[in-house]
Amino acid sequence: MDYSTLPSDPEGASPWASSPQHNRSAFEQPPTSDIPPSPLPTSPYGEDSEDHHPALRTSSENGEHASHQQQPASPTRGPQEHQRQEPQRYHHGARQQRQQQPQYKLSAKITGLERTGRKDPILRFDVYTNLPKFRTTQFRDVRRMHSEFVKLGEHLISANPEAFVPAVPPPLTSAGVGTDEDEARVKASLQRWLNVVCGNDVLMRDEEMVFFVESDFGYSPVVRRKQPATGVKRKVIKQFAPPPDDTPELAAARPIVKAFYLGTMATGQKVEKVVKHRRSLGLAESDLGVKFAAMHVQETHLGLSTAYRKLGKVIQATGDFHAAQGTAEATTLGDPMTYHSSDAFIVKETLTNRHILLRDLLAAQATTRSKLSAADRLKASSSVKRDKVDEAISALDEARSHEDYLTKKTQRVTSNLLQEQRKWFARSASEMRIAIREYVVREIEAERRTLATLEQVRPDIRAIDGSGGLSRLGREAHPNTRRASLASSQGPKGDAWSGVPRRPGDGLNRSVSGGLAGVPADIDEEDEEGDGKGGRKRAVSGAGSLKGVGEEDEDRIDAKNAASRLATTTF
């Protein structure tokens, strides 16, 4: 073999050029050789091919032994050292070539949403990829309807049993069709779905992804595949105990996923009931406010007439706030629960498909054993017919090939689902934490807004008569004169009821409840106890009261004092 013609060496230089004896004739090609010169083939086993493949190790040892027999002993071992190091040099080049291979990527970014009423919306997105199956690397302004996303998701679920395909988000939310929040949430949810699908190494290589992106006039699945078992057969299979599983993590995952699926579905249904009742409460409060406001016409007392009118308006506003709060609850908690329920259902069914695959593998192994025993009986028979032998051999070969196919498929599905299961658990937990946090923030904002709105009518209620109005109910001594506190408990510095200052950056600063009253928070409230001889100042019922939280004041406004007042007051 002529090593001087290797294509990897620059300018045809010989690889033995560094040897001190590279001009020896023993390394030249014999003139009678009829073997054409060819480059050294790259081993598919990597650097340690001689350790992994015994045939290569034997051939290399034999070649080295033959070279020792053909060549005389030399004081320097340069040629033999180069002969052992030469394959490593080529293997190093192969490793660099593998490292230089590009990592395939597929990314999609939603750029717009087009909606006409409650019809199926159209989503516009851009696609960037370096997969060789696509015609080009960039696709601008791809338009697909939401129903086409659903078709793609159904195909990916049926065609890829080794991956957890996320559920396609709904085309609308509880925020209301046509609102900015609805459009933003639909786009964000579908963007998360595309990120998961395009970031999956199995799903991005599916043929339907090419058709979905490159189709000019809509999309419909080219290859339609079904689940391994459907209908009554699938229900019957689920009634049996799961097959023996050598992967405990996946065996324990399905009951957890099923419990999560049932829990989120039940929670979503309860949230729907809460939203329904809260909206009914809002309508009832609005009706009550209208009736309260109508009572001021026939009231002769000036203070009570004003209190009726303003209280009616405040109750109407509170009803509107409760209706909006119900919508916020359905958007922030109801929709995520419904989506995660459908997503967990897909994961549960994918794990069920793996159980069906394990059952098929066990059946194939039993079939192989039966065919092998039939062949053994035929072999031990006294009279053997040729046609029966051929039939037994072909049946055994077919059973073994089918078993081998199911074994490899099961191993591939198990290894991929093991990784997918961990990613799904982490993704679901993160999304649920985000949804619950947003729900809590919106609830706090709604309650603070409602409380600040109710506090607007406090001075009018206290000013019904000269003794302080309804604010003195349950007290024995009534002062002659009283100045009502006009401060709001919901100020920019915090909540006066809890006494805890509001921290910057906690996500609650965008609440507008603190500015509804529009009254300064430094107004004192005088209270005369007993016979009215000795007077003292009460704590400020606003954000300014946070300064004296540690002071002993039985009339300060906080949760503890309010609870004690409610426990001791008699009406």
Side-chain angles (χ1 to χ4, degrees), residues 274-329 443 445-491 495-497 511-521 523 525-528 538 540-542 555 557 559 561-563 565-571:
V274 171
V275 171
K276 182 180 179 181
H277 291 309
R278 193 176 294 278
R279 288 173 177 170
S280 301
L281 173 63
L283 293 176
E285 285 179 335
S286 299
D287 186 42
L288 178 63
V290 172
K291 293 181 179 180
F292 255 112
M295 292 175 60
H296 86 283
V297 178
Q298 57 186 1
E299 181 58 46
T300 57
H301 192 281
L302 181 60
L304 189 57
S305 176
T306 305
Y308 279 153
R309 180 172 52 84
K310 293 190 176 181
L311 181 61
K313 292 182 179 180
V314 167
I315 293 179
Q316 279 185 282
T318 304
D320 297 338
F321 289 156
H322 281 161
Q325 185 178 359
T327 302
E329 288 173 347
E443 285 291 297
E445 289 180 349
E447 297 297 338
R448 284 182 171 176
R449 187 180 298 111
T450 304
L451 181 58
T453 305
L454 290 174
E455 287 178 349
Q456 287 182 346
V457 79
R458 180 173 54 188
D460 299 293
I461 298 298
R462 289 181 175 178
I464 291 177
D465 54 17
S467 63
L470 299 179
S471 63
R472 303 298 300 177
L473 282 177
R475 303 188 187 183
E476 298 177 358
H478 299 276
N480 296 327
T481 60
R482 178 183 178 85
R483 184 174 65 179
S485 174
L486 300 179
S488 174
S489 67
Q490 301 301 312
D495 185 5
W497 290 87
S511 175
V512 296
S513 60
L516 292 177
V519 181
I523 299 177
E525 184 178 1
E526 298 177 357
D527 188 10
E528 297 178 5
R538 294 180 62 186
V540 182
S541 61
D555 290 334
I557 299 179
N561 197 301
R565 288 298 181 96
L566 291 175
T568 58
T569 301
T570 58
F571 292 93

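Note that this is a predicted model, so its numbers are computed, not measured.
With values rounded to the nearest 0.5 angstrom, Glu445 atom CD is found 10.5 Å from Glu443 atom CD. From Asp320, atom CG reaches atom CZ of Arg449 across 12.0 Å, with rounding to the nearest 0.5 Å. Within the model, atoms CZ of Arg279 and NE2 of His277 stand 12.5 Å from one another, a figure rounded to the nearest 0.5 Å. Distance check, rounded to the nearest 0.5 Å: OG1 of Thr453 to CD of Gln316 gives 13.0 Å. To the nearest 0.5 Å, the span separating CD on Glu299 from OH on Tyr308 amounts to 5.5 Å.
Every pair passing side chain to side chain donor-acceptor pair (under 3.5 Å) that includes a residue from residues 281-294 is listed here, sequence neighbours excluded: Glu285-His322.
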| request: Evaluate side-chain contact (heavy atoms from CB on, under 4.5 Å) for Lys310 paired with His296, printing each intermediate quantity in order. | output: CA-CA 9 Å; Lys310 293 190 176 181; His296 86 283; over 6 Å; no
| Under the side-chain contact (heavy atoms from CB on, under 4.5 Å) criterion, do Leu451 and Arg448 qualify, and how do the steps go? | CA-CA 5 Å; Leu451 181 58; Arg448 284 182 171 176; 5.7 Å; no
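Smallest separation of non-hydrogen atoms from Ile461 and Ala307: CD1-CB, 3.9 Å.
In this structure, Leu311 and Asp460 have side chains that are not in contact, with every pair of non-hydrogen atoms separated by 4.5 Å or more.
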